[in-house]
Amino acid sequence: METNRKPIISSCNMAGLRPAMLELPYPPIQVRCRNQDYADLLSFDYCGSVSELSAITQYINNENRLCQENCRLAKTLLEIAVAEMMHLQKLGELIQLLGGEVDFNAKRPDGKQTMWTPSCLTLSQNAKKMLCADIEAEKEAIAQYRAHISRIGDEYVNAVLRRIIKDEEYHIILLQGLLEEL
């Protein structure tokens with residue numbers, strides 16, 4: 001075993017990282033009353049194929065693969081991932097308050113469950129394709145949140161979902177800007 005080799009050190013420093021979120025407050029995490037149907041809908045936002053869990057995992061994977069070649073891009077992806085983690089946490093709280101379970105299973109109306117897997121991800125091989133896939137995933141998430149808002153009759157839950165949408169729209173702006181720079 002050679003001991004004279006110098007260590008390989010990452011050239012990308014993530015110190016000072018902040019979540020990529022708008023400087024707007026979040027509404028309180030509360031619900032009008034327990035509602036399993038609403039909890040089940042939110043389980044798709046939490047851990048369905050289009051979900052915060054998928055977003056976090058895809059952003060972290062992309063950041064890991066890009067950090068040595070494009071630190072600025074990688075850092076922004078990690079900042080977005082941290083924002084998505086905060087969304088995941090808020091959704092988990094809402095699901096619990098609504099009487100649901102946070103167990104990485106998206107609950108369908110027919111009672112069946114779909115467990116989250118990495119097959120939900122779009123993992124591309126170059127930065128441009130990664131950003132395009134990330135933009136598309138953000139657009140799908142926004143559409144899903146809007147569809148859920150139309151089905152949820154709880155103004156407290158919907159206020160949180162609307163606030164999450166604002167961050168997702170901000171992420172699209174950030175990602176489009178990065179895409180233009182490539």
Check [X] against [Y] and note the closest heavy-atom contact, atom names and distance.
| X | Y | result |
| --- | --- | --- |
| A106 | G48 | CB-CA, 4.1 Å |
| N64 | C67 | O-SG, 3.6 Å |
| A81 | I60 | CB-CD1, 3.9 Å |
| P28 | V160 | O-CG2, 3.9 Å |
| Y38 | R151 | CE2-O, 3.6 Å |
| N35 | D37 | OD1-N, 3.0 Å |

With hydrophobic residues grouped by side-chain heavy-atom distances under 4.5 Å, do [X] and [Y] end up in a single group?
| X | Y | value |
| --- | --- | --- |
| L97 | I95 | yes |
| I56 | V102 | yes |
| L66 | L78 | yes |
| Y156 | I29 | no |

Looking at [X] and [Y], would you say the former's side chain and the latter's main chain have a donor-acceptor pair under 3.5 Å?
| X | Y | value |
| --- | --- | --- |
| R65 | S124 | yes |
| K107 | E101 | yes |
| S54 | V50 | no |
| D154 | R32 | yes |

query: For residues E93 and Q89, is any side-chain donor paired with an opposing acceptor at under 3.5 Å?
result: yes
message: Side chains of N62 and D134 only: does a donor on one sit below 3.5 Å from an acceptor on the other?
response: yes
Can you tell me how far apart [atom1] ([X]) and [atom2] ([Y]) are? Round to the nearest 0.5 Å.
| X | Y | atom1 | atom2 | value |
| --- | --- | --- | --- | --- |
| I173 | L22 | CD1 | CG | 8.0 Å |
| I80 | H171 | CD1 | NE2 | 5.5 Å |
| I142 | D167 | CD1 | CG | 10.0 Å |
| L77 | Y59 | CG | OH | 7.0 Å |
| L161 | L94 | CG | CG | 7.0 Å |
| L174 | E169 | CG | CD | 12.5 Å |

- request: Under the side-chain contact (heavy atoms from CB on, under 4.5 Å) rule, what do Q144 and H148 come out as? Steps first, then yes or no, please.
  value: CA-CA 6 Å; Q144 182 170 286; H148 289 173; 3.6 Å; yes
Is any side-chain heavy atom of [Y] closer than 4.5 Å to one of [X]?
| X | Y | answer |
| --- | --- | --- |
| K166 | L24 | yes |
| D103 | Q113 | yes |
| N70 | L182 | yes |
| W116 | N105 | no |
| M14 | C12 | yes |
| F104 | C47 | yes |
| L53 | Y46 | no |
| L42 | I152 | yes |

Enclosure of [X] [atom1] (heavy-atom neighbours >12, cutoff 6.0 Å):
| X | atom1 | result |
| --- | --- | --- |
| M86 | CE | no |
| R72 | CZ | no |
| Q30 | CD | yes |

message: I'd like to know if R18 and E79 make a salt bridge, using a cut-off of under 4.0 Å between side-chain N and carboxylate O.
response: no
Short N-O contact, E168 and R163, less than 4.0 angstrom: no
task: Classify the ring geometry between H87 and Y26 as parallel (under 30°), tilted (30 to 60°) or perpendicular (over 60°).
output: tilted
- request: Begin from the C-alpha positions of E52 and I164 and carry the test side-chain contact (heavy atoms from CB on, under 4.5 Å) through to its verdict.
  value: CA-CA 10 Å; E52 298 298 337; I164 290 173; 3.8 Å; yes
task: Take R34 and L98, measure what side-chain contact (heavy atoms from CB on, under 4.5 Å) needs, and give me the verdict at the end.
output: CA-CA 4 Å; R34 290 185 179 273; L98 289 164; 5.8 Å; no
